[in-house]
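See below for the structure under consideration.
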Amino acid sequence: MRSRVYYDSDYEGNLYPLWYTLEGSIDWEQPTFYFPVSTPFERVDSISFDDGIIGCSVLAQELIVHQNKPNQLGIDLEAVRSRISENIKPYNVERLIIQIANIEETLKVGKELFEWC
């Protein structure tokens with residue numbers, strides 16, 4: 001699974017993190033998927049976002065913190081699967097999209113983790 005952070009720019013040209021994505025094959029048979037939220041991750045301009053990949057958003061309430069898995073974030077795949085299955089077959093999803101603000105709030109981290117260097 002490949003992690004990427006997509007950035008956008010404000011009217012002054014300052015870059016800010018927008019989305020954290022996980023791209024690749026997802027094992028929907030698992031109830032939860034944990035992944036490390038740490039550098040390095042691929043940094044990409046939001047203009048380069050490939051709309052041809054089937055993806056779905058992960059809502060804030062579908063994010064999980066596990067005290068025995070520091071620096072990792074979990075996704076409640078059962079909740080995501082239940083929410084999207086009426087409109088799309090989960091096995092077709094190749095990208096999970098998480099708002100950076102939701103990661104920052106859930107993990108209690110600041111924007112410095114996602115600064116464009």
Side-chain angles (χ1 to χ4, degrees):
M1 182 97 23
R2 182 169 89 180
S3 62
R4 300 172 122 184
V5 174
Y6 286 86
Y7 290 79
D8 206 352
S9 57
D10 61 19
Y11 65 94
E12 294 178 346
N14 299 313
L15 293 171
Y16 63 91
L18 190 60
W19 305 303
Y20 187 100
T21 65
L22 295 164
E23 300 175 7
S25 179
I26 301 162
D27 184 359
W28 290 101
E29 298 301 318
Q30 298 297 316
T32 309
F33 172 70
Y34 284 93
F35 61 97
V37 181
S38 59
T39 56
F41 39 73
E42 186 176 352
R43 292 178 161 104
V44 184
D45 191 295
S46 63
I47 294 173
S48 301
F49 190 82
D50 181 359
D51 289 335
I53 297 174
I54 297 175
C56 74
S57 295
V58 176
L59 305 178
Q61 61 267 30
E62 295 165 341
L63 297 175
I64 301 168
V65 174
H66 193 292
Q67 64 184 2
N68 294 333
K69 296 182 184 227
N71 300 321
Q72 290 195 25
L73 189 58
I75 298 173
D76 183 345
L77 292 178
E78 290 179 333
V80 174
R81 185 174 55 243
S82 175
R83 178 174 53 85
I84 69 170
S85 62
E86 189 172 307
N87 299 312
I88 188 171
K89 293 179 182 174
Y91 297 98
N92 291 334
V93 172
E94 296 177 25
R95 175 191 287 148
L96 297 173
I97 306 164
I98 308 166
Q99 295 270 342
I100 292 293
N102 291 342
I103 293 176
E104 292 171 344
E105 185 176 321
T106 302
L107 290 180
K108 310 284 189 257
V109 297
K111 294 200 181 301
E112 65 277 355
L113 178 63
F114 301 103
E115 285 181 356
W116 187 290
C117 300

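Count residues from 1 along the sequence. Note that these values count all heavy atoms, side chains included, but never hydrogens, waters or copies made by symmetry. Just so it is clear, the model here is predicted, and its values are computed rather than measured.
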Next on the checklist: Leu96 vs Phe35, test: side-chain contact (heavy atoms from CB on, under 4.5 Å). Steps then yes/no.
Outcome noted: CA-CA 12 Å; Leu96 297 173; Phe35 61 97; over 6 Å; no
Checklist entry - Any link between Leu73 and Leu59 through a network of hydrophobic side chains (Ile, Leu, Val, Met, Phe, Trp, Tyr) touching at under 4.5 Å? => result no
Next on the checklist: Same cluster or not: Leu77 versus Val65, using hydrophobic residues (I, L, V, M, F, W, Y) connected whenever any side-chain heavy atoms lie under 4.5 Å apart?
Outcome noted: yes
Item to check | Atom of Tyr16, atom of Asp10 and distance for their closest heavy-atom approach | outcome: CE2-N, 3.8 Å
Item to check | Asp8 and Trp19: CA distance, side-chain angles, deciding distance, side-chain contact (heavy atoms from CB on, under 4.5 Å) verdict | outcome: CA-CA 9 Å; Asp8 206 352; Trp19 305 303; over 6 Å; no
Checklist entry - Would you say Val37 and Tyr34 are hydrophobically clustered, going by side-chain heavy atoms of ILVMFWY under 4.5 Å? => result no
Next on the checklist: Can a donor-acceptor pair be found, under 3.5 Å and without considering hydrogens, that links the side chain of Arg4 to the backbone of Val44?
Outcome noted: no
Checklist entry - Would Leu22 and Phe33 satisfy side-chain contact (heavy atoms from CB on, under 4.5 Å), going step by step from the backbone distance to the final call? => result CA-CA 11 Å; Leu22 295 164; Phe33 172 70; 3.8 Å; yes
Item to check | Distance-minimising heavy-atom pair for Arg95 and Ile26 | outcome: N-CD1, 4.4 Å
Checklist entry - Going only through I, L, V, M, F, W and Y residues with side-chain contacts under 4.5 Å, is there a path from Ile98 to Ile64? => result no
Next on the checklist: Is there a side-chain contact (heavy atoms from CB on, under 4.5 Å) between Val80 and Cys56? Walk through the geometry before answering.
Outcome noted: CA-CA 9 Å; Val80 174; Cys56 74; 3.8 Å; yes
Checklist entry - Looking at Arg81 and Pro90, what are the two nearest heavy atoms and their distance? => result CG-CG, 3.5 Å
Checklist entry - Are Met1 and Tyr20 connected in a single hydrophobic cluster, I mean Ile/Leu/Val/Met/Phe/Trp/Tyr linked by side-chain heavy atoms less than 4.5 Å apart? => result yes
Item to check | Qualifying residue, where the test is side-chain contact (heavy atoms from CB on, under 4.5 Å) with Leu63 and the options are Leu107, Ile75, Asp76 | outcome: Ile75
Item to check | Ile97 side chain reached by Tyr6 side chain, heavy atoms, under 4.5 Å | outcome: no
